[in-house]
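Every chain is numbered from 1 and lettered A, B, ... according to where its sequence line falls, protein lines coming before strand lines. The figures here come from the full heavy-atom set of this structure, side chains too, leaving out hydrogens, waters and symmetry mates.
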Number of protein chains: 2
Amino acid sequence: MTETTLTELLGYQLVQVCKAHRNKAESLLSEIGLHAGQEVVLHYLWHEDGRTQSNLVDELCVQPATVTKSLDRLESAGLVRRRADAEDRRVSRVYLTDAGRSLHRQIGNIWLEVEAASFGVLTAEEQETIRRLLQKVLKNLKQ
Amino acid sequence: MTETTLTELLGYQLVQVCKAHRNKAESLLSEIGLHAGQEVVLHYLWHEDGRTQSNLVDELCVQPATVTKSLDRLESAGLVRRRADAEDRRVSRVYLTDAGRSLHRQIGNIWLEVEAASFGVLTAEEQETIRRLLQKVLKNLKQ
DNA sequence: GCCGTTTAGTTAGCCAACTAAGTAAATTTT
DNA sequence: AAAATTTACTTAGTTGGCTAACTAAACGGC
């Protein structure tokens with residue numbers, strides 16, 4: 001039989017796992033008023049404050065419009081602030097507010113909890129294996 | 001240093017891979033006028049036509065509201081049709097139209113192409129390994 | 001029969017992601 | 001210097017996903 005059974009494909013498994021992973025993250029992040037994805041923006045700002053939106057676009061691997069909307073909400077929530085660049089007036093730089101900075105530790109803990117709830121069941125060796133395989137797949141998909 | 005570096009977490013790798021996988025699927029599906037996710041609904045109907053929406057909710061692991069909206073669009077696109085169940089008037093059954101049925105083969109080919117573009121780089125043994133590990137993670141996340 | 005509960009879907013509204021089209025500023029070309 | 005192009009970001013509109021609140025029908029106990 002040549003019928004393609006979707007549920008047997010690795011891509012289907014991947015999507016299932018990713019959905020469950022996102023739900024777990026979403027559920028924990030909602031406790032501090034965030035949505036999955038927003039914490040990644042904050043992460044890059046903790047690592048380097050005052051990034052340009054273009055830089056966030058590159059780091060997050062999403063479209064400019066996605067960053068614009070996401071920042072609109074983070075700004076409304078009082079977690080970041082946009083200021084025009086002094087030298088290039090096209091450029092908008094993004095800065096953390098105190099409220100945004102203060103979430104650092106809580107979000108770090110949430111990540112660790114999600115990581116444990118997902119991959120904690122794997123042995124150290126299995127974790128290294130899945131990391132290697134995921135990277136191989138990502139490289140294949142991105143080229 | 002105890003700082004949690006997001007990008008080193010397996011969850012981050014997983015999300016990256018899943019995003020790239022979805023983009024690949026979306027790009028191929030758009031050629032036949034579909035969006036990623038809609039083809040999964042069609043898949044379950046090919047497997048068994050006339051399912052109830054509740055059944056689709058269970059199979060797809062999404063919320064009832066998500067199915068409602070998705071079916072609204074598939075119905076507008078002329079790919080499925082809803083008819084009330086004769087015995088239980090709360091129940092809405094979903095049937096493929098000829099147009100919906102006709103996409104079967106094309107979508108099967110797209111799946112195989114996405115699968116190859118993602119996991120084709122892995123050896124058969126590696127594919128079995130990642131399947132086993134993903135299932136382990138999924139089980140962990142779902143309990 | 002009647003009232004309360006459960007079940008099946010819908011509606012409204014929110015967020016992340018996308019595309020496409022548009023504005024504005026800087027840069028490059030002529 | 002003026003025109004064309006590129007770069008940075010926004011706006012409008014789409015989809016997949018979610019929650020919360022809602023309607024309607026079936027089921028259960030009394």
### Query
Heavy atoms under 4.0 Å, any strand shown: does A:Ser92 hit a base, just sugar-phosphate, or nothing?
sugar-phosphate
### Message
Quick check on contacts: within residues 70-77 of chain A, what sits under 4.0 Å from DNA chain C by heavy-atom distance?
### Response
A:Arg73
### Summary
With sequence neighbours left out, the residues meeting side-chain contact (heavy atoms from CB on, under 4.5 Å) with A:Gln63 are A:Thr66
### Query
Listed by chain and number, what are the side-chain contact (heavy atoms from CB on, under 4.5 Å) partners of B:Gln135, not counting sequence neighbours?
A:Gln13, B:Arg131
### Interface residues of residues 14-24 of chain B with DNA chain D (non-hydrogen, below 4.0 angstrom)
B:Arg22
### Query
Taking ILVMFWY side chains as joined if any heavy atoms are under 4.5 angstrom apart, and letting links pass through other members, which residues group with B:Phe119?
A:Leu10, A:Leu14, A:Val17, A:Phe119, A:Val121, A:Leu122, A:Ile130, A:Leu133, A:Leu134, A:Val137, A:Leu138, A:Leu141, B:Leu10, B:Leu14, B:Val17, B:Val121, B:Leu122, B:Ile130, B:Leu133, B:Leu134, B:Val137, B:Leu138, B:Leu141
### Pairing residues for A:Lys139 by the salt bridge (charged side-chain N to carboxylate O under 4.0 Å, His left out) criterion, not counting sequence neighbours
none
### Message
What is the distance, to the nearest angstrom, from the CD atom on A:Glu87 to the C1' atom on D:dT7?
### Response
16 Å
### Query
A:Ala36 near the nucleic acid: base, sugar-phosphate alone, or nothing, with a heavy-atom cut-off under 4.0 Å?
sugar-phosphate
### Under the side-chain contact (heavy atoms from CB on, under 4.5 Å) test, residues paired with A:Gln38 that sit two or more places apart
A:Leu34, A:His35, A:Arg73, A:Leu74
### Query
Hey, does A:Gln38 reach any base, or is it just sugar-phosphate, or nothing, if we go heavy atoms under 4.0 Å?
sugar-phosphate
### Query
Looking at residues at least two apart in the chain, or sitting in another chain, which of them share a salt bridge (charged side-chain N to carboxylate O under 4.0 Å, His left out) with A:Arg81?
none
### Message
So which atom in A:Leu56 and which in A:Val41 form the shortest heavy-atom distance, rounded to 0.1 Å?
### Response
CD1-CG1, 4.4 Å
### Message
Checking B:Glu113 now: which residues fulfil salt bridge (charged side-chain N to carboxylate O under 4.0 Å, His left out) with it, not counting sequence neighbours?
### Response
none
Pairs under 3.5 Å (N/O, protein and nucleotides 5-7 of chain C):
from	atom 1	to	atom 2	distance (Å)
C:dT7	O2	B:Arg90	NH1	3.0

### Message
Once side-chain contact (heavy atoms from CB on, under 4.5 Å) is applied, do any residues pair with A:Asp85, and if so which ones, sequence neighbours excluded?
### Response
A:Glu87, A:Asp88, A:Val91, A:Arg93
### Message
Per the salt bridge (Lys or Arg N to Asp or Glu O under 4.0 Å) rule, what does the pair list look like for residues 17-45 of chain A, sequence neighbours excluded?
### Response
none
